[in-house]
Protein chains: 2
Amino acid sequence: MGKAYNVMAATCPSRTVLHRIGARWTVFVVNALADGPRRFTDLKAHIQGITPKVLTETLRSLEVDGLISRHEYAENPPRVEYALTPLGRSLLVPLRAVRLWAEQHVPDIEAARARHENQTYADTV
Amino acid sequence: MGKAYNVMAATCPSRTVLHRIGARWTVFVVNALADGPRRFTDLKAHIQGITPKVLTETLRSLEVDGLISRHEYAENPPRVEYALTPLGRSLLVPLRAVRLWAEQHVPDIEAARARHENQTYADTV
DNA sequence: AGATACCGGTATCAAATCCATACCGTGAGA
DNA sequence: TCTCACGGTATGGATTTGATACCGGTATCT
């Protein structure tokens, strides 16, 4: 059923999906929610460097796409929690693989960048 | 080994790696090179919607990071081929998982978006 | 010989996105 | 009353992305 879509086609809806996944902060927010619901300020502290505006936008987008859910508790003081939906949790699997790849290959990529700085040949295939 | 890095830390180098992976067109270019080397114009035709400028920038960035290699053949007419390096091929694995997830969950996400449309409409009524 | 087309890109400028900083309303605590 | 935390907005500048036109070299067609 998945093969009904081709990401290389400009008109394919999977394009917009991939675009959303690839958006600047999606990977971080989804990963930050991996261990359970979190509050706005908690997320902001956990994902270092994200600004409140961008965090708000990212959360809204993910909510629209059904990847996370927003729960507003009518307590005193009011509390807002964000959590992954089942769909969001399923995305966690491939995203975790990407994050692990990134963490594991930092030395390789830093070496490649250093090599490029030194103008060495690029033919290391 | 991989756990020496934490993507949530703003200063962590894995951040820049994840940023590169998540860049607008990286997934498409890497996937387009999955089946072997391709030429510039071929890539441009295959990845619908990418402009030459952006394709050039993406290829240069991926080359700096050691994910692809650029071969300029001194033939007549000159030919330029881009290919995945072993490092790039290793990235192919998690990226393919992401692409498959995207292709498989298009209906879910479209449903979520439609649901959201209806919700906001219902809120105004 | 002249016109045309392909390849691998640049140049230029407009549009979309991202980021930093400041601020707001509500409620709680001192 | 003053101040602080929470969950955000407002504003305005910086960065990235995109659309379009163009270029030099080579081959091909007429």
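Naming: A, B, ... by sequence-line order, numbering from 1 per chain.
- Distances shown here put every side-chain N or O of B:Arg70 at or beyond 4.0 Å from the OP1 or OP2 atom of C:dG8.
- The nearest whole Å value for the distance from the CD atom in B:Glu75 to the P atom in C:dG8 is 11 Å.
- In terms of phosphate contacts, A:Arg24 brings no side-chain nitrogen or oxygen within less than 4.0 Å of OP1 or OP2 of D:dT15.
- As a whole-Å value, the separation of A:Asp42 CG from D:dC6 C1' is 12 Å.
- In terms of phosphate contacts, B:Trp25 brings no side-chain nitrogen or oxygen within less than 4.0 Å of OP1 or OP2 of D:dT16.
- Contact of A:Lys53 with D:dG12 (side chain to base): a donor-acceptor pair of N or O atoms is detected under 3.5 Å.
- To the nearest angstrom, C1' of D:dC6 lies 19 Å from NE2 of A:His46.
- One atom, CD of A:Glu57, and another, C1' of C:dA16, lie 12 Å apart when rounded to the nearest Å.
- In this structure the side chain of B:Tyr82 never reaches within 4.5 angstrom of the side chain of B:Leu62, judged on heavy atoms.
- Salt-bridge check for A:Arg113 with A:Glu117: failed, with every basic side-chain N at 4.0 Å or more from each acidic carboxylate O.
- Rounded to an integer number of Å, the gap from A:Lys44 NZ to C:dT21 C1' is 12 Å.
- Rounding to whole angstrom units, CD of residue B:Gln48 and P of D:dA19 are separated by 13 Å.
- A tilted orientation is assigned to the rings of A:Phe28 and A:Trp25, their planes being inclined by 30° to 60°.
- Between B:Thr16 atom OG1 and B:Asp65 atom CG the span is 7.5 Å, to the nearest 0.5 Å.
- Using a 4.0 Å cut-off, no side-chain N or O of A:Arg79 falls inside it from OP1 or OP2 of D:dA5.
- Of the side-chain N and O atoms in A:Tyr73, none sit less than 4.0 angstrom from OP1 or OP2 of D:dG7.
- Taking atom CD on A:Glu63 and atom C1' on D:dG8, their separation rounds to 14 Å, with Å as the unit.
- Sequence order on DNA chain C of the closest nucleotides to A:Thr51 and A:Pro78 puts A:Thr51 first from the 5' end.
- Proximity of B:Arg39 to the phosphate of C:dG8: a side-chain N or O atom is located under 4.0 Å from OP1 or OP2.
- Side chain of B:Asn6 to main chain of B:Met8: a donor-acceptor pair is present (N/O by atom type, distance under 3.5 Å, no hydrogens or angles).
- For the pair B:Glu72 CD and D:dT26 P, the computed distance is 13 Å after rounding to whole Å.
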